[in-house]
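Every chain is numbered from 1, with letters handed out A, B, ... down the list of sequences.
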Amino acid sequence: MNARLRWRKFLSAFMLTMTGVCALISVSVLFFILGYLVYHGGTSISWNFFTKLPAPVGEIGGGMANAIVGSGKLLLIATLFGVPIGFFGAIYLAEFSGGTTAFIVRYAADLLNGVPSIVIGIFAYALAVLPFKHFSTLAGGFALGLMMIPITLRSTEEFLRGVPKALREAAMALGASKWKTITSVIVPAAYRGILTAILLAFARVAGETAPLLFTAFGNRFWSNGWNQPTASLPAMIYTYAIAPYDDWHRQAWAAGLVLLGLILIINIVARAILSRGIAVPRA
Amino acid sequence: MITFLFAASVVLVTLLLVLELWQGSVLARHKFGFNFFRTSVWDPIFDQFGALPFIYGTLVTAGVSLLIAVPLGIGAAIFLAELAPARLSDALEFFIDLLAAVPSVIYGLLGVFIVVPLMRDYLQPALKNTLGFLPIFQGPAYGIGFLTAGIVLAIMVIPYIISVSREVLLSVPRDQREAALSLGSTRWEATWRVVVPFARGGIMGSIFLALARALGETMAVTMVIGNNPIVSASLFSPGYSIAAVIANELTEATSNLHYQSLIELGLVLFILTFVLNGLARLLIVATSQRGAGMGNA
């Protein structure tokens, strides 16, 4: 083996090892994040965290019960607003449309998907906060719902398209109307995929903070009804992390652990649902 | 045709969004014109708004993040697509996907309490001692600043680069690799001189995608950049970014002009991400199709 060949083989082995190192570093970040959150959050999480209101500034203790409920309310509105538009829009794209209209809708959805969350926040602020002159849970839910639309729409469409043509034709041949075919054949056939799409969209907006700063704002007390500003877990993490109190930092870690735990669990469940396979084999 | 109404509402919302950004910033656009991007006085009291420090901060932090994330991300993608056995590759991809799902405020939290102290006590002094003659590594080590924000952003965008690049690399036809190997190239040469150039467009696409994310990222950057509107050559210096100033000032805008200037910044961000995302999608689709086309031939 001459020197040149030896050098080339060495280079090959070296560079390939380096790519492995890159992969190792990138993946280990996830475990660092999880480790730190469990370490810091685990020691500061307690029953009070889930049941108590935030303590007055300067006092030790208290919890984030209002933020947990607030996040729940925000996500409920977001889901009620974003999922139907995404879902029915996807049915339109996959089953009814052709050509230009579909292209425009898809384009709009992709555009919306790429918009930074802070810009979505500006939009929701101008549309749902300024005209009413106060922050509200509804406005926050609206902002999050906007972000759910494109994610739900595009992936649902893909799963609907995955349903084999033969199934459609079989239903039609039995005399089912187009709408009947969709509701009782195509959607049930693709339901795992659709469920996954919705869960992933949900998980994605559950941790969004930037749009909430202008819409749901924040609240150190219970938010009554839907028309008042409300606390939310991500916004609380932000406020508590940049505040100068050690006790708040502790609670920010606890909130981070709860939020990340929730998001990762939803992600894993969504993928598990999908990996069990779509009810019918893809054609 | 109820489904049509739902589909149409998607288009409507998107149009409204663009309209709102355009209409909402009309005062600021007319008053400052192009000077908005050239001057660096941001003074709500005298109603004088120049966005240079924010644009500078956004570009610098995004640039730093790409310098770190691109080599790491592409390296990892090569490992996942070319070397790792399929099962290991899928398992690692699963973790990468989870990493992409971590919300930005969590990255901010870790940035504030882990990265900032590390930077202040170790990395910044070390850089100063070794490369301190460069203007970018001078000045006091606060921990917060452009460099820290760039590093946190890098960690956030790596998953995007890996996922997309891996997909694109996997779509490169097998023949390409085999041809290179049969001509006597080593495994690395086949990868670096044949497979990667074949997938170049798609990899560029993944980088644009990551850049668009980095430019629009708000929470994590706001928490570690220092929120100080200055243009400084030093990466150690605290700075400010477009998204951060919107997050901090929108609800507290003192005058109409202040509010509109912030919306104009939102418009800038929107246009930047719009162009980058569009380019990225074109490149990725073109590259995958090229792979599929050759595979069938």
With a sphere of 6.0 Å drawn around CH2 of Trp22(B), does it hold more than 12 non-hydrogen atoms of other residues, nucleotides or ligands?
no

Between Ile263(A), Ile242(A), Leu200(A), Ile266(A), who has the most heavy-atom pairs with chain B when the cutoff is under 4.5 Å?
Ile263(A)

A side-chain contact here means heavy atoms from C-beta on lying under 4.5 Å apart; do Leu213(A) and Met219(B) qualify?
yes

Of the listed residues (Gly216(B), Ala247(B), Gly266(B)), which shares the most heavy-atom pairs with chain A below a 4.5 Å separation?
Ala247(B)

Looking only at the aromatic ring of each residue, does the gap between the centers of Phe31(A) and Phe95(B) stay below 6.0 angstrom?
yes

Check whether any side-chain heavy atom of Arg271(A) lies under 4.5 Å from a side-chain heavy atom of Phe94(B), and answer yes or no.
yes

Indicate yes or no: at least one non-hydrogen side-chain atom of Leu5(B) is less than 4.5 angstrom from one of Phe88(A).
no

Give the intermediate values and the outcome of side chain to side chain contact (heavy atoms under 4.5 Å, CB included) for residues Ile91(A) and Phe6(B).
CA-CA 9 Å; Ile91(A) 291 187; Phe6(B) 282 104; over 6 Å; no

Please name the pair of heavy atoms, one in Leu11(A) and one in Trp188(B), separated by the smallest distance, quoted to 0.1 Å.
CD2-CD1, 4.3 Å

With heavy-atom distances below 4.5 Å as the criterion, would you say the side chains of Ile114(B) and Phe32(A) are in contact?
no

Take Val10(B) and Ile149(A) through the test side chain to side chain contact (heavy atoms under 4.5 Å, CB included) and record every step on the way to the result.
CA-CA 8 Å; Val10(B) 180; Ile149(A) 293 174; 3.8 Å; yes

Could you tell me the separation between the CD1 atom of Ile106(B) and the CG atom of Leu260(A), rounded to the nearest 0.5 Å?
5.0 Å

Leu146(A) and Val13(B): CA distance, side-chain angles, deciding distance, side chain to side chain contact (heavy atoms under 4.5 Å, CB included) verdict:
CA-CA 8 Å; Leu146(A) 274 180; Val13(B) 161; 3.3 Å; yes

Residue among Pro234(A), Ala23(A), Gly20(A), Cys22(A) with most heavy-atom pairs under 4.5 Å to chain B
Cys22(A)

For residues Leu109(B) and Leu37(A), determine if any side-chain heavy atom of one lies less than 4.5 Å from a side-chain heavy atom of the other.
yes

Is the closest side-chain heavy-atom distance between Ile122(A) and Leu17(B) below 4.5 Å?
no

Specify whether Trp253(A) and Phe113(B) have parallel, tilted or perpendicular ring planes, treating 30° as the upper limit for parallel and 60° as the lower limit for perpendicular.
tilted

Assert top hit (heavy-atom pairs under 4.5 Å, partner chain B, pool Ala13(A), Gly86(A), Pro84(A)) equals Pro84(A)

Atom group of Val112(B) that falls short of 4.5 Å from chain A, counting heavy atoms:
side chain

For Leu250(B), which atoms come within 4.5 Å of any heavy atom of chain A: side chain, backbone, both, or neither?
both

Is there a side-chain contact between Tyr107(B) and Ile33(A) in this structure, where contact means two heavy atoms from C-beta onward sitting under 4.5 Å apart?
yes

Heavy atoms, side chains only, cut-off 4.5 Å: are Phe135(A) and Thr251(B) in contact?
yes

